[in-house]
Amino acid sequence: MLVLGLAACHTSWRPPEARAQDFIEAMVTADADAQKLRDIANIAPDRNPEDLVDDLSARVALDFLRARQAQGLALEFRQGEARQMDANRRAVTILVTYPQPATQTNDEVRFQVLVEKDNEGHWRIVHVTGGN
């Protein structure tokens, strides 16, 4: 019972930068699991997590990375710059790198994730835009 309780609280205590990274990673790797995405984003049960993706470049980047993932390409997710806009809002850059086999180099896709505190002081994902 304790383990289940800790698992349920796992996403609520994560710092905003980690929550942003977890959300982007789950959007790419577990896009069919809407409840997991809602939990990470800390949004209402009736909201669609896909609605948090605000612009065409972010949608195209997600589709591209999902296709790369389905092809078995290794993706690396990491946090970039985090900018504190005020005490309750942060803009976090999430970087996703993937190998370019033909050139033996890595390419990168960037997302900007706006994270803010809700009325209870818990961080939630507000929206995602493309950062390239």
Side-chain angles (χ1 to χ4, degrees):
M1 188 68 134
L2 177 62
V3 172
L4 290 175
L6 289 174
C9 295
H10 171 71
T11 58
S12 66
W13 57 264
R14 302 274 289 158
E17 297 83 4
R19 183 178 295 273
Q21 181 177 335
D22 291 348
F23 186 73
I24 294 299
E25 188 166 353
M27 286 291 285
V28 171
T29 63
D31 62 310
D33 191 349
Q35 187 55 52
K36 178 179 181 177
L37 290 165
R38 279 188 207 97
D39 291 343
I40 294 169
N42 190 23
I43 59 175
D46 61 336
R47 292 221 32 217
N48 182 351
E50 291 282 337
D51 292 343
L52 299 175
V53 181
D54 275 355
D55 69 356
L56 182 59
S57 67
R59 289 186 191 281
V60 169
L62 282 171
D63 288 343
F64 172 78
L65 292 171
R66 287 170 179 159
R68 291 300 215 176
Q69 167 96 16
Q71 294 169 350
L73 206 61
L75 304 176
E76 181 182 325
F77 297 83
R78 61 186 165 82
Q79 298 168 24
E81 176 187 9
R83 187 170 39 95
Q84 186 165 339
M85 300 167 82
D86 58 41
N88 296 318
R89 295 185 315 149
R90 293 191 188 156
V92 182
T93 301
I94 301 300
L95 309 165
V96 185
T97 56
Y98 57 93
Q100 284 286 30
T103 62
Q104 302 298 318
T105 62
N106 286 335
D107 266 350
E108 180 178 89
V109 174
R110 294 173 181 257
F111 294 94
Q112 294 294 320
V113 182
L114 181 62
V115 186
E116 72 179 16
K117 286 186 181 178
D118 63 14
N119 293 336
E120 286 118 32
H122 300 120
W123 291 101
R124 67 182 176 140
I125 306 294
V126 177
H127 70 259
V128 176
T129 58
N132 288 346

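Note that the structure is predicted; figures quoted are calculated from it, not measured.
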**Student:** Any chance you could lay out the side chain to side chain contact (heavy atoms under 4.5 Å, CB included) test for Ile24 and Val96, step after step, and finish with the verdict?
**Tutor:** CA-CA 9 Å; Ile24 294 299; Val96 185; 4.2 Å; yes
**Student:** Between Arg78 and Glu108, is there a side-chain N and carboxylate O pair less than 4.0 Å apart?
**Tutor:**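 Looking at Arg78 and Glu108, the cut-off is met.
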**Student:** Given the rule that I, L, V, M, F, W and Y join up when any side-chain heavy atoms are under 4.5 Å apart, are Trp123 and Val126 in one cluster?
**Tutor:**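 Trp123 does not cluster with Val126.
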**Student:** Does Arg66 pair with Asp63 as a salt bridge, N-O distance under 4.0 Å?
**Tutor:**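 Yes, this pair counts.
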**Student:** Using modelled atom types only, decide if a donor and an acceptor are shared between the side chain of Gln21 and the backbone of Phe77 within a distance under 3.5 Å.
**Tutor:**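 It does hold such a pair.
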**Student:** Grab the two heavy atoms, one from Val128 and one from Ala58, that are nearest each other, plus how far apart they are.
**Tutor:**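 Minimum heavy-atom separation between Val128 and Ala58: O-CB, 4.2 Å.
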**Student:** Would you call Phe111 and Leu62 a side-chain contact if the rule is heavy atoms closer than 4.5 Å?
**Tutor:**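 Yes, side chains in contact.
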**Student:** Spell out, as yes or no, whether a donor-acceptor pair under 3.5 Å connects the side chain of Asn88 to the backbone of Lys117.
**Tutor:**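 Checked: no pair found.
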**Student:** Could you pull out all residues at least two apart from Arg38 that satisfy salt bridge (Lys or Arg N to Asp or Glu O under 4.0 Å)?
**Tutor:**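 For Arg38, no residue satisfies salt bridge (Lys or Arg N to Asp or Glu O under 4.0 Å) once neighbours in sequence are set aside.
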**Student:** Could you pull out the closest heavy-atom pair between Ala26 and Lys36, with the gap in Å?
**Tutor:**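 Residues Ala26 and Lys36, closest heavy atoms: CB-CE, 4.4 Å.
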**Student:** Would you give the length of the straight line joining atom CD of Glu76 to atom CD of Glu25, rounded to the nearest 0.5 angstrom?
**Tutor:**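 That separation rounds to 10.0 Å.
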**Student:** In this structure, are over 12 heavy atoms from other groups packed under 6.0 Å from Asp46 atom CG?
**Tutor:**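 Enclosed: over 12 neighbouring heavy atoms sit under 6.0 Å from CG of Asp46.
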**Student:** Go through the structure and list residues passing salt bridge (Lys or Arg N to Asp or Glu O under 4.0 Å) with Glu17, not counting sequence neighbours.
**Tutor:**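 For Glu17, the residues satisfying salt bridge (Lys or Arg N to Asp or Glu O under 4.0 Å) (neighbours in sequence not counted) are Arg90.
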**Student:** Considering all heavy atoms of both residues, which atom of Leu37 and which atom of Ala30 are nearest to each other, and what is their separation?
**Tutor:**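 Looks like CD1-O, 4.2 Å.
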**Student:** Answer with yes or no whether the hydrophobic clustering places Leu75 together with Phe23; edges join I, L, V, M, F, W, Y residues whose side-chain heavy atoms lie under 4.5 Å apart.
**Tutor:**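 In one cluster with Leu75: Phe23, yes.
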**Student:** ring-ring contact (aromatic ring centres under 6.0 Å, His included): which pairs involve residues 33-58, sequence neighbours left out?
**Tutor:**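 Listed once each, the pairs would be none.
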**Student:** Among all residues two or more places apart in sequence or in another chain, which pass the salt bridge (Lys or Arg N to Asp or Glu O under 4.0 Å) test with Asp54?
**Tutor:**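 None.
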**Student:** Treat each ILVMFWY residue as a node, draw an edge where side-chain heavy atoms are under 4.5 Å apart, and state whether Leu114 and Ile94 are in one component.
**Tutor:**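 Different clusters: Leu114 never reaches Ile94 through Ile, Leu, Val, Met, Phe, Trp or Tyr contacts under 4.5 Å.
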**Student:** For the backbone of Arg124 and the side chain of Asp118, can you confirm whether one donor and one acceptor N or O come within less than 3.5 Å of each other?
**Tutor:**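 Not at all, since once roles are kept as given, no pair shorter than 3.5 Å links the two residues.
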**Student:** If I compare all heavy atoms of Ser57 with all of Gly130, which pair ends up nearest, and what's the gap?
**Tutor:**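 Where Ser57 meets Gly130 most closely, the heavy atoms are OG-CA, 3.4 Å.
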**Student:** Return the set of residues passing salt bridge (Lys or Arg N to Asp or Glu O under 4.0 Å) with Asp86 (not counting sequence neighbours), or none when no residue passes.
**Tutor:**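 Partners of Asp86 under the salt bridge (Lys or Arg N to Asp or Glu O under 4.0 Å) test: Arg89.
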**Student:** Minimum heavy-atom separation for Ala20 to Ile125, with atom names?
**Tutor:**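 What the structure gives for the nearest pair is CA-CD1, 4.0 Å.
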**Student:** When rounded to the nearest 0.5 angstrom, what distance separates OG1 in Thr93 from CD in Glu81?
**Tutor:**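 Reported value, rounded in 0.5 Å steps: 5.5 Å.
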**Student:** Side chain to side chain contact (heavy atoms under 4.5 Å, CB included) for Leu52 and Met27? Distances and angles first, verdict last.
**Tutor:** CA-CA 11 Å; Leu52 299 175; Met27 286 291 285; over 6 Å; no
**Student:** Do Val113 and Met85 share a hydrophobic cluster (ILVMFWY, side-chain heavy atoms under 4.5 Å, transitive)?
**Tutor:**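 No: no chain of side-chain contacts under 4.5 Å links Val113 to Met85.
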**Student:** Test: ring-ring contact (aromatic ring centres under 6.0 Å, His included). Region: residues 43-70. Which pairs qualify, not counting sequence neighbours?
**Tutor:**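 Every ring-ring contact (aromatic ring centres under 6.0 Å, His included) pair that includes a residue of residues 43-70, provided the two are not neighbours, is Phe64-Tyr98.
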**Student:** Under a 4.5 Å cut-off applied to non-hydrogen side-chain atoms, are Leu65 and Val109 in contact?
**Tutor:**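 When only atoms from C-beta onward are counted, Val109 and Leu65 do touch, with a gap below 4.5 Å.
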